[in-house]
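Just below is one structure, and these are the notes that go with it.
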Amino acid sequence: MTVPFLTQVDKLVQLLESPIFAHVRLQLLEPSQNPYLVKTLFGILMLLPQSSAYELLKNRLKSVSTLSLTNWILKEKEVLNPIASPRRQSSIPVPQDSEPESAPSSPTHKSRLDWKAMFNHFSSIQAKLIPPQTQ
């Protein structure tokens, strides 16, 4: 990165703080509606050396609601890679023809999970991950 490039980026940050770009700053209040603006500003922040422009932009981005931004990131990951999403189908066996039994957390809640098969599945995964101890 050259000095003239960094100077231009510094001027851009100063412009973003000017009254003419108040509407852009207001768009930062809804990061879920403007995620690419937030990502772009974070990218600019990564380019800047630690200077007054860096501090201005860092403080501005601190005020962005991180909770809604995090939700947007999770949704984006789910769209891009549905297999790795936390909401994917489990490989734990669920019997279709067995009598439902009560879930351990709620005696009135009926569950169709085969708890014995789940425990066996857990034990087999645990056995693969934990090396055998020799004495």
Side-chain angles (χ1 to χ4, degrees):
M1 288 188 286
T2 63
V3 173
F5 172 75
L6 292 175
T7 305
Q8 285 185 346
V9 173
D10 190 273
K11 287 180 184 178
L12 174 65
V13 172
Q14 297 296 331
L15 276 173
L16 287 172
E17 292 297 319
S18 69
I20 194 90
F21 285 102
H23 68 282
V24 174
R25 293 192 308 273
L26 287 174
Q27 288 178 352
L28 289 173
L29 293 174
E30 298 177 329
S32 61
Q33 300 295 322
N34 305 293
Y36 296 109
L37 172 64
V38 177
K39 288 174 86 172
T40 301
L41 291 176
F42 271 112
I44 291 171
L45 184 67
M46 294 299 120
L47 293 175
L48 285 171
Q50 291 192 0
S51 62
S52 62
Y54 175 86
E55 290 299 321
L56 272 172
L57 190 56
K58 182 178 85 170
N59 289 335
R60 177 69 62 194
L61 291 173
K62 271 186 189 177
S63 65
V64 174
S65 173
T66 57
L67 181 60
S68 59
L69 185 61
T70 304
N71 287 338
W72 178 81
I73 290 170
L74 290 175
K75 286 178 187 175
E76 184 181 72
K77 283 183 180 180
E78 187 174 310
V79 168
L80 293 177
N81 192 0
I83 293 173
S85 93
R87 297 180 189 158
R88 69 183 176 97
Q89 291 292 329
S90 174
S91 63
I92 298 173
V94 179
Q96 297 299 323
D97 57 347
S98 68
E99 185 68 29
E101 58 187 57
S102 296
S105 62
S106 169
T108 60
H109 177 72
K110 298 293 182 181
S111 174
R112 295 191 56 90
L113 293 175
D114 184 0
W115 295 102
K116 184 173 259 184
M118 286 178 57
F119 179 74
N120 291 337
H121 178 73
F122 170 76
S123 298
S124 68
I125 297 297
Q126 191 176 27
K128 290 177 188 176
L129 297 176
I130 299 175
Q133 296 178 355
T134 57
Q135 293 187 4

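- Shown here are the salt bridge (Lys or Arg N to Asp or Glu O under 4.0 Å) partners of K58, two or more places apart in sequence or in another chain: E55.
- Heavy-atom contacts from other residues, nucleotides or ligands closer than 6.0 Å to CZ of F21 number more than 12.
- With sequence neighbours excluded, the residues forming a salt bridge (Lys or Arg N to Asp or Glu O under 4.0 Å) with R60 are E17, listed by chain and number.
- Summarising the geometry, atom NZ belonging to K39 is positioned 6.0 Å from atom OH belonging to Y36; distances are rounded to the nearest 0.5 Å.
- More than 12 heavy atoms of other residues, nucleotides or ligands sit less than 6.0 Å from atom CD1 of I125.
- With sequence neighbours excluded, the residues that form a side-chain contact (heavy atoms from CB on, under 4.5 Å) with S123 are F119.
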Residues 42-50, side-chain donor-acceptor partners within the protein, below 3.5 Å, at least two apart:
none

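- Not one N or O on the side chain of R25 forms a donor-acceptor pair closer than 3.5 Å with the backbone of P19.
- Going from atom CG of N120 over to atom OG of S124 covers 7.5 Å, rounded to the nearest 0.5 Å.
- Rounding to the nearest 0.5 angstrom, the gap separating the CG atom in L61 from the CG atom in L56 is 11.0 Å.
- Legend: residues meeting side-chain contact (heavy atoms from CB on, under 4.5 Å) with L37, ordered by chain and number and at least two apart, are V24, Q27, L28, N34, L41.
- Every pair tested for salt bridge (Lys or Arg N to Asp or Glu O under 4.0 Å) that includes a residue from residues 1-14 fails, sequence neighbours excluded, so the list is empty.
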